[in-house]
Amino acid sequence: MSHIIAATEEFVRSALAQNDASHDFAHIERVRYLALRIAGKTEGVNAVVVELAALLHDVKDYKYTNDDVLSPSAFLSSVDCDRDTASQVLFVVDNLGFKKTAFLSPDERVQYLASLTLELKCVQDADYLDAIGAIGIARCFTFGGRNLRPIYDNSWAKGAVNKDSNLSEKEYADKKRGSTVSHFYEKLLTLKDRMLTEEGKREADRRHAFMELFLKELGDDCFRVEL
């Protein structure tokens with residue numbers, strides 16, 4: 001299996017080579033490390049599935065144009081990954097992501113949570129952890145800059161920036177809409193309460209607190225500067 005992991009790493013590094021630093025291979029490496037760390041503290045987890053899913057989770061990301069890149073399914077077939085492992089990996093990859101879960105109805109969310117595997121929980125929490133805290137802030141502003149989003153808009157100055165956001169899935173998917181700061185309220189500040197593992201919840205608390213402090217300092221810099 002080590003040769004499949006090595007081939008997957010090489011494939012993903014190439015597939016994401018043109019991505020900006022918010023979704024580059026360094027992001028994949030952090031998610032892999034976090035997912036394996038969580039898996040190591042969670043009984044009954046298949047670490048190989050976790051590692052492969054963490055490596056492949058951003059291949060074919062809808063936010064990037066990558067028509068010439070193999071799908072995770074096609075890639076796993078190309079390296080003769082056994083059917084059972086591939087099936088488990090693809091289940092994680094296909095069911096991962098904020099966009100796929102944030103707009104479910106209450107009944108749909110109950111069904112979704114009941115369907116989760118331990119491996120999906122580990123990779124989901126790892127991906128969410130890399131979206132928050134200091135690294136999450138850096139990634140958020142990198143992605144916002146790539147999409148020419150303003151840092152903030154006037155609604156934030158008035159204390160009314162989507163704190164009770166009711167975005168539709170279509171609105172959320174439009175990455176040129178809104179400001180970078182609004183994305184904190186639409187997604188990043190909600191992730192702490194979406195963690196699925198105890199280890200993920202513990203780490204998310206620390207990273208969430210740092211984001212709240214950052215937003216307070218940013219607000220002071222932008223709107224309450226006294227010289």
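Every heavy atom of this structure was used, including side-chain atoms; hydrogens, water molecules and symmetry mates were not.
Taking each heavy atom of Val79 and Ala7 in turn, the nearest pair found is CG1-CB, 4.1 Å. The minimum heavy-atom distance linking Pro72 with Val93 is given by the pair CG-CG1, 4.2 Å. Closest heavy-atom contact between Arg146 and Asp20: CD-OD2, 2.6 Å. Residue Gly200 comes nearest to Leu129 through the heavy atom pair O-CD2, 3.8 Å, listed as atom of the first residue, atom of the second, then distance. Shortest non-hydrogen contact noted between Ala86 and Cys81 is N-SG, 3.9 Å. Of all the heavy atoms in Leu52 and Ile4, the pair that sits closest is CD2-CG2, 4.2 Å.
To the nearest 0.5 Å, atoms CG (Leu213) and CG (Leu218) are separated by 11.0 Å. Rounding to the nearest 0.5 angstrom, the gap separating the CD atom in Gln124 from the CZ atom in Phe98 is 10.0 Å. Taking CG from Leu90 and OG from Ser71, the interatomic distance works out to 8.0 Å, rounded to the nearest 0.5 Å.
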> Would Tyr33 and Glu29 count as a side chain to side chain contact (heavy atoms under 4.5 Å, CB included) if you check the C-alpha gap in whole Å, the side-chain angles of each, and the deciding distance to 0.1 Å?
Replying inline: CA-CA 6 Å; Tyr33 167 78; Glu29 290 182 308; over 6 Å; no

>> Walk me through whether Thr180 and His183 qualify under side chain to side chain contact (heavy atoms under 4.5 Å, CB included).
In response: CA-CA 5 Å; Thr180 295; His183 189 62; 5.5 Å; no

>> Run Glu212 and Lys216 through salt bridge (charged side-chain N to carboxylate O under 4.0 Å, His left out) and show every step you take.
In response: CA-CA 6 Å; Glu212 291 185 318; Lys216 179 183 181 302; over 6 Å; no

>> Is there a ring pair (Phe, Tyr, Trp, His ring centres under 6.0 Å) between His23 and His57? Walk through the geometry before answering.
In response: CA-CA 11 Å; His23 293 81; His57 81 275; 8.6 Å; no

>> Checking Ile132 against Phe210 for the side chain to side chain contact (heavy atoms under 4.5 Å, CB included) test, could you report, in this order, the C-alpha distance in whole Å, the side-chain angles of both residues, the deciding distance, and whether it holds?
In response: CA-CA 9 Å; Ile132 61 178; Phe210 185 82; over 6 Å; no

>> Could you go through Glu203 and Arg37, starting from their C-alpha distance and side-chain angles, then the distance that decides it, and tell me whether this counts as side chain to side chain contact (heavy atoms under 4.5 Å, CB included)?
In response: CA-CA 11 Å; Glu203 179 64 17; Arg37 192 179 87 183; 3.9 Å; yes

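Put simply, the side chain of Arg139 never gets that close to the backbone of Ala21: no donor and acceptor are under 3.5 Å apart. Judged purely by atom type and a 3.5 angstrom limit, Glu108 uses its side chain to pair as donor or acceptor with the backbone of Ser105. Formation of a donor-acceptor pair under 3.5 Å by the Glu119 side chain with backbone atoms of Asn46 is found in this model. No donor-acceptor distance shorter than 3.5 angstrom exists from the side chain of Lys187 to the backbone of Ser182, with no hydrogens or angles considered. A side-chain donor-acceptor contact under 3.5 Å links Asn147 to the backbone of Phe143. Remark: the backbone N or O of Asn95 is paired with a side-chain donor or acceptor of Tyr112 at under 3.5 angstrom.
Glu199 has a carboxylate O that lies under 4.0 Å from a charged side-chain N of Arg202, or vice versa, which qualifies the two as a salt bridge. The pair Asp125-Lys121 does not count as a salt bridge, with every side-chain nitrogen at least 4.0 angstrom from each carboxylate oxygen.
Residue Leu113 places its CG atom among more than 12 non-hydrogen atoms of other residues, nucleotides or ligands, all under 6.0 Å distant. Counting non-hydrogen atoms of other residues, nucleotides and ligands closer than 6.0 Å to CG of Asp82 gives a total above 12.
In this view, Arg32 and Glu9, Glu51 satisfy the side-chain hydrogen bond (donor to acceptor under 3.5 Å, both in side chains) rule, not counting sequence neighbours.
Using modelled atom types, one finds no donor on one side chain facing an acceptor on the other under 3.5 Å when comparing His27 with Asn19. Checked by atom type, the side-chain pair Gln88/Asp84 shows a donor-acceptor distance below 3.5 Å.
Side-chain contact between Val59 and Leu70 is absent, with no heavy-atom pair separated by less than 4.5 Å.
For the side chain to side chain contact (heavy atoms under 4.5 Å, CB included) with Val123, the lone residue among Ile38, Leu56, Val50, Leu34 that qualifies is Val50.
Residue pairs that meet the ring-ring contact (aromatic ring centres under 6.0 Å, His included) test with at least one member in residues 65-84, sequence neighbours left out, are Phe11-Phe75.
Note: Phe184 and Phe214 have parallel aromatic rings, judged against thresholds of 30 and 60 degrees for the angle between ring planes.
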